[in-house]
Every structure is written in structure tokens, then in C-alpha cells.
Amino acid sequence: MAEPVDLARMTAELHALRDETLAAARAATDTAALEAMELEVLGKKGRLTAVLRGIGGLPAEDRPKVGAIANEVRIAVEGALAAAAQTLGSKELDARLAAERVDVTTPGRPIRRGSLHPINETIGAIAEVFAQFGFVVYEGPEVEDDTTNFRMLNIPPDHPARDLWDTLYVDLPEHLLRTHTSPGQIRVMHQERPPIRALLPGRCFRYEAVDASHASEFFQVEGLMVDEGTTMADLKGLLDQFAHAMFGADRATRFRPGYYPFTEPSVAFDILCVICDGAKCPACSRTGWMTILGAGMVHPVVLGYGGIDPERYQGFAFGMGVERIANLRHAVPDLRLYLENDQRFLGAFR
Ligand code: 2U9
């Protein structure tokens with residue numbers, strides 16, 4: 001049987017709820033408790049609401065009084081909860097800040113930055129030098145046809161040079177993995193009109209036993225310039241600039257007679273040994289010089305295969321092994337290091 005309600009008793013209940021809640025708010029230890037208290041006391045199904053449910057049992061003239069008291073209680077409780085939340089809130093923030101204090105003096109965790117593979121970095125450095133002389137980078141296909149890779153480079157089927165480049169044929173008749181990027185220059189001559197200044201970096205393939213200086217996959221950068229009146233002197237001047245940019249402005253250079261089926265005359269281009277500076281050491285097989293690339297005037301027959309009139313235009317070309325250049329620049333003794341993805345080695349280029 002529900003207790004009879006009257007103004008005095010409800011007022012006492014409301015004040016008791018207020019005092020109890022204010023005390024609990026003062027005693028609260030964290031804001032979460034305060035939020036729970038607010039819900040429990042002021043919530044829709046809270047204790048204040050519960051007390052007020054008895055208001056219906058009061059005489060009509062007493063109800064507004066209880067309403068006013070209930071309002072005072074609600075304001076007092078809200079005030080007490082807000083004040084406690086303020087205090088506890090800043091305490092909790094200080095505690096979190098203290099707990100999360102970042103000692104900015106502690107060294108940061110190194111973000112391991114990647115870096116270009118030394119071969120790509122070297123190709124980039126080479127391309128940068130020749131770009132200053134107007135050479136544009138072209139890419140040729142890695143799977144080539146025999147005609148473009150050999151015939152058009154003046155290497156007929158029975159030419160001994162073919163053996164030089166033990167070829168990896170693919171299961172497409174007359175097709176192979178390119179043995180040099182030279183077929184790319186043939187394609188450039190077909191798509192461009194002189195003056196042409198083309199640089200062709202890329203991966204090449206040969207049927208090679210892998211050792212410290214040979215691999216079945218390797219990188220080359222070849223270059224071609226075709227224009228009226230192009231001479232060996234232009235070639236020498238350009239390659240000297242290249243050697244000085246890569247190996248130092250005072251690095252001595254020399255041309256030595258060479259042979260390639262696609263250039264006539266052909267030369268080997270040497271720099272003074274970067275190890276012994278010409279004093280003759282094992283690294284330069286006691287010659288004092290190191291060959292860094294081959295070059296020559298484009299053979300008129302090859303210009304013809306490129307659809308260019310050899311009577312009107314002359315051209316020169318050069319070709320280098322990227323691993324060789326990288327070895328000399330970074331004193332790397334064995335090109336297999338470029339293929340093994342050993343982070344201890346690659347990390348040195350970071
Ligand atoms: C065309 C005409 C001429 C490209 C050339 C070389 C000399 C050369 C070697 C360097 C190291 C190959 O990887 S390697 O062993 N290449 O020495 N390459 S002239 O001559 C060309 C190419 C294309 C149309």
C-alpha cells in the first residue's frame with residue numbers, strides 16, 4: 001500500500017536527495033561516476049523523477065511548491081555535478097597529459113626511408129648528364145625481333161658477333177630477349193626525323209654464367225645522335241663532358257680503336273684508373289686505364305636501316321654497362337650484389 005504523500009514529506013525527500021547527491025558529487029573520484037550520478041538522479045527514469053511521480057497525490061495547491069522545490073534541487077544538483085566535473089575533469093586531463101607526456105627530447109623512431117636501387121640511381125645520374133646536351137630518354141621493348149636486334153644493326157645471321165651476345169630466344173618465332181638496347185635506337189630512327197638525340201636505358205639479357213662481372217640480366221645505357229655534319233670530335237667532346245661529370249673534372253680520358261658491327265670507326269673510351277690514377281694496379285689490369293664505354297660513328301648501313309640518308313646525315317652512338325659505371329662510382333667489387341637484395345648492401349646507398 002503506497003505511503004500517503006504530503007508536502008512536508010516530499011520536501012524532505014527532495015532535500016535528502018539533494019544533500020545526498022551533493023555529498024556524492026563532492027566525494028566522486030572521476031567524471032564517469034558523475035555522469036552515472038547525473039543519469040541516476042536527473043535522468044528521465046532518475047530518482048528526482050521518481051519522487052515527483054508522487055506529486056499527483058498532493059493537494060493541488062501544494063503541487064507548484066513541490067515543483068519549485070524540485071527545480072531548486074535540480075539546479076543545485078546540476079551545479080554540484082558541473083563543479084565536480086570541472087575539478088575532476090581538469091585533474092583527469094592533467095593525469096592524462098602527465099601519462100601521455102611526450103618527452104620531445106627523446107630521439108624519434110627513425111622512419112626507414114627507402115632509396116633508389118643503386119642501378120636506378122646510376123641510370124638517373126647518367127641520364128641527367130646527357131639531358132644537359134639535349135638527349136631525350138626513350139624506352140624500347142625488352143622482347144625484340146631478330147631483325148631489329150641484329151640484322152638492322154649490321155649483324156647478319158652468321159655474323160660472329162652473334163656469339164658475343166649469346167641470345168635468349170623466346171617461344172615466338174624470330175623473337176628474343178634483347179641483348180642490348182640498340183634495337184631501340186633503330187625504332188627511334190623510324191619514328192623521329194633528324195636532328196635526333198636519344199638515350200636508351202634499359203634491361204638487357206644474355207645467356208651468361210653469372211659471376212662477379214657478368215650476369216644474364218644487366219643494364220645498359222646507349223645513346224644516339226644523328227644530324228648533318230656530326231663528327232668524332234662531337235662524340236669525343238660529349239664523352240669527355242660525361243666522364244668529367246661522373247668521375248671528376250680532371251679525370252683524364254682517351255679513345256682507343258675498337259670494333260662494333262654497327263659503328264665505323266669504333267672506339268673504346270677509357271678514363272684514367274680511378275683506383276691508381278694511372279700508376280697501374282690490378283683493378284685496371286696494370287694498364288692505368290679503365291674502359292667505361294664503347295662508341296663510334298653510326299655505320300652508314302645502319303643509318304639506312306633506320307630510314308636515314310647516310311649521304312646527308314651522320315650519327316654517333318655509344319653504349320655502356322650500368323653495373324660497370326656503378327661499380328666504379330661506388331667501388332663495388334661484384335655486380336651480383338646488385339641482384340641479391342641484401343639490405344646491408346642496399347642500405348649503404350640510403
Ligand atoms: C644504333 C647504332 C649504333 C651502340 C653502341 C657500344 C658501342 C658499346 C657495349 C657497352 C657495354 C655493350 O653492355 S656492353 O657490353 N656497347 O660499347 N654500343 S656503340 O651503337 C649503336 C646502337 C644503335 C642504331
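Atoms within a ligand are numbered from 1 in the order they appear, just like the ligands themselves.
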I'd like to know if E92 pairs up with R96 as an ion pair, taking the criterion as any Lys NZ or Arg NE/NH1/NH2 lying under 4.0 Å from an Asp or Glu carboxylate oxygen. no
Which ligand 1 atoms does E222 reach within 4.0 Å, using its non-hydrogen atoms? 4 (C), 18 (N), 22 (C)
Which option wins on minimum heavy-atom distance to atom 15 (O) of ligand 1: R324, M320, R206? R206
Compare all side-chain heavy atoms of H190 with those of I186 and state whether any distance is below 4.5 angstrom. yes
Closer than 4.0 angstrom, basic N to acidic O: yes or no for K65 and D62? yes
Distance under 4.0 Å to a non-hydrogen atom of G321: what atoms of ligand 1 satisfy this? 11 (C)
Numbered atoms of ligand 1 (with element) below 4.0 Å of L153, judged on heavy atoms: 1 (C), 23 (C), 24 (C)
Taking the minimum heavy-atom distance to atom 7 (C) of ligand 1, which of G223, A268, G294 ranks first? G294
Do any nitrogen or oxygen atoms of T263 lie less than 3.5 angstrom from nitrogen or oxygen atoms of ligand 1? no
If you link ILVMFWY side chains whenever their heavy atoms are less than 4.5 Å apart, which other residues fall into the same cluster as L272? By chain and number, please. W289
Between D227 and T230, does any side-chain donor sit less than 3.5 Å from a side-chain acceptor? no
What atoms in ligand 1 come closer than 4.0 Å to a heavy atom of A295? 7 (C), 19 (S)
Return yes when L224 approaches ligand 1 closer than 4.0 angstrom through a heavy atom, no otherwise. no
My understanding is that we take every heavy atom of each candidate and find the minimum distance to atom 21 (C) of ligand 1. Doing that for C204, G296, A198, A317, which one comes out nearest? A317
Measuring from atom 24 (C) of ligand 1, which candidate in M189, M152, Q220 has the nearest non-hydrogen atom? M189
Set of salt bridge (charged side-chain N to carboxylate O under 4.0 Å, His left out) partners for E340, sequence neighbours left out: none
No-hydrogen, no-angle side-chain donor-acceptor test under 3.5 Å, T21 and R47: no
V302 neighbourhood, listing ligand 1 atoms whose heavy-atom distance to it stays under 4.0 Å: 24 (C)
Within ligand 1, which atoms have a heavy atom of S182 less than 4.0 Å away? 22 (C), 23 (C)
Which option wins on minimum heavy-atom distance to atom 20 (O) of ligand 1: F262, F269, F318? F262
Nearest non-hydrogen partners of D211 and D334, listed with the distance: O-OD1, 4.3 Å
Between V129 and F316, is there shared hydrophobic-cluster membership here, with clusters defined by ILVMFWY side-chain heavy atoms closer than 4.5 Å? yes
